[in-house]
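Structure, as structure tokens:
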2 protein chains.
Amino acid sequence: MNIEELEDLVRQMYASTMPGLSIDCIVFGFHDSAIKILSLRFNNADAWMLPNGLIFHKESIQQAAQRILLERTSLKDIFLKQFYTFGDLDRTNIEDMKTMMPFPSILEMVPKRAISIGYYALVEHSKVQPQLDFMTAECRWFGVDELPKMIFDHNKIVEIGLKSLRAQIDHLPIGYHLMPETFTMPELQKLHEAILGEPLDRANFQKRILSYDILERLEERRTGGAHKSPYVYRFIPEKYEAFLQREF
Amino acid sequence: MNIEELEDLVRQMYASTMPGLSIDCIVFGFHDSAIKILSLRFNNADAWMLPNGLIFHKESIQQAAQRILLERTSLKDIFLKQFYTFGDLDRTNIEDMKTMMPFPSILEMVPKRAISIGYYALVEHSKVQPQLDFMTAECRWFGVDELPKMIFDHNKIVEIGLKSLRAQIDHLPIGYHLMPETFTMPELQKLHEAILGEPLDRANFQKRILSYDILERLEERRTGGAHKSPYVYRFIPEKYEAFLQREF
DNA sequence: TATCATTGTGTCAAGGCGACACAATCAATG
DNA sequence: CATTGATTGTGTCGCCTTGACACAATGATA
């Protein structure tokens, strides 16, 4: 592909999307008792970033976020929550743009000022196979504390998104989207501990979660460990939905 | 002003702002023991709407919201909170646009699809003198239940904004921005009741608010009523700020 | 069969919150 | 000027939630 073709491609992309507006997604997964975030590296540059993209004229912002995530995770109907829109003047910086766009004629076409709508996604870690495309050199899970320096304000976006997720979990049993189909109570507890960043009391955690009346205890038990075999649970989708609809 | 001049004006406006992106503001005030919202009527059309505007290329979205509100309320440094970004495809509809823009050539220039960032503002009702400009025929306070049918999805925006405000007040003593400098405890209670839409117990309300340690009880008492004269309080700004910075 | 880390469950005390009671007060009333 | 009545300030009681902790049950391993 020569430079003229690339210019045409970029021109086309901008013509069919909302100019100066983008979506950034934080994809949360849970693995090895820790919260992981999907981050990707642009082309062959040293530019890590959150999964992001532009919004087509003929799609809602929610649909746009779903599409962007489908491209990265090949998962449909992902749980998505909009948490904040970032619109400071200095949130994008020209150095990061230059790193990503080594061609001055292309760089010229990129809007210098961009506003971005932040979404976070909750996905089941094991079901995701990070996908590459022609603009992506790498796509990896990172622990929250191991995140690389990312472009623009993406590290700050993660910070705000994490706060938002933590605020949610105080009221909601978020695990539904992050855990596998079946799980044990200690596993669910580790998820909550990972999100909150602090240990929880086993007994009280169990009582609280069960009081929500959204879990079903299955017949089977999880054997294999050299310990008392824990019960296996699963979320009851209808009851979970009902729980979300309550007061507040 | 002839139609060509108007076309130029609109062209200029769009050239200096973020296309397809706007800001809608809910201005909350408190008066007569009820929550009021500022709504304005466009030109001489029957088109009520929330205060709104476009975002200049050289201002942050927060600044844009402040500027838009300054034009309506002539208040500076208003308390503003971003609560949601609205981006459904059908949120704007062509009939409302036609009502507002009777000139086909102008209507042609208006983006058919628009995304809007929702902010709510908390202001002291008595300090606001609703301002008109050349595009605004009327600017009035409405009770939450007396709001007129507004254009686009503005009624829905109010609904979401109100929910957001109610969620806040469960944790925060929001009155700081809505009450006058000094006030009595029953007055503050009426504010909370107006926002929550349900009566609160006097004794418990007082205990809870005072426990936050953000109010100062003044020497004076509020006389005039044929009853026991209540104490007069005021917010201690530093302590209020400190309270906001706490855990969650 | 004993061991031991892990899990399920019960108990108990402290704190928070709602419901309610009672005293204090101030203008209006006669 | 004493009485009245609505309103306000404050204390108390009991329930429920939550946190802290204890103890029994379990199952692979040695």
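Note on naming: letters A, B, ... go to the chains in the order of the sequence lines (proteins, then strands), and numbering restarts at 1 for each one.
- The aromatic rings of H177(A) and F79(A) sit parallel, their planes meeting at an angle under 30°, below the 60° perpendicular limit.
- The shortest non-hydrogen separation linking L80(A) to A121(A) is CD2-CB, 3.9 Å.
- As rounded to whole Å, 12 Å separates atom P of dG8(C) from atom CG of L188(A).
- Checked against dA6(D), dA19(C), dG8(C), the side chain of P186(A) finds its nearest nucleotide in dG8(C).
- When distances run from any side-chain atom of S229(B) to the nucleotides dA6(D), dT25(C), dT9(C), the shortest one goes to dT25(C).
- Rounded to whole angstrom, the span from the CZ atom of R217(B) across to the P atom of dG9(D) amounts to 8 Å.
- When each of A226(A) and R208(A) is assigned the nucleotide of DNA chain D with its nearest heavy atom, R208(A) is the one assigned upstream, toward the 5' end.
- Listed nucleotides dG11(D), dC26(C), dT9(C) differ in distance to R202(A); the shortest reach to its side chain belongs to dT9(C).
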List the steps, then state whether side chain to side chain donor-acceptor pair (under 3.5 Å) holds for D24(A) with S116(A).
CA-CA 6 Å; D24(A) 289 316; S116(A) 191; 2.6 Å; yes

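- With rounding to whole Å, M185(A) atom CE is found 10 Å from dG8(C) atom C1'.
- Rounded to an integer number of Å, the gap from CG of L210(B) to C1' of dG11(D) is 14 Å.
- At a threshold of 4.5 Å between non-hydrogen side-chain atoms, the residues P173(B) and Y240(B) count as touching.
- Across all strands shown, R222(A) has no heavy atoms under 4.0 Å from either base or sugar-phosphate atoms.
- One interatomic measurement links the two molecules: CG of N204(A) to C1' of dG8(C), which rounds to 13 Å at whole-angstrom precision.
- Residue R221(B) places its side chain closer to dC26(C) than to any other of dT10(D), dC26(C), dG27(D).
- The base of dT11(C) lies close enough to the side chain of K207(A) for a donor and an acceptor atom to sit less than 3.5 Å apart.
- With rounding to whole Å, H227(A) atom NE2 is found 17 Å from dA24(D) atom C1'.
- Listed pair Q206(A) / dT7(C) fails the phosphate criterion, with no side-chain N or O lying under 4.0 Å from OP1 or OP2.
- Distance E220(A) CD to dT26(D) P: 18 Å, rounded to the nearest Å.
- Atom CZ in F205(B) sits about 12 Å away from atom P in dT8(D), given to the nearest Å.
- Looking at R67(B) and E71(B), a side-chain N of the basic residue comes within less than 4.0 Å of a carboxylate O on the acidic one, giving a salt bridge.
- Nearest to the side-chain atoms of D201(A) among the listed nucleotides dG19(D), dT8(D), dC21(D) stands dC21(D).
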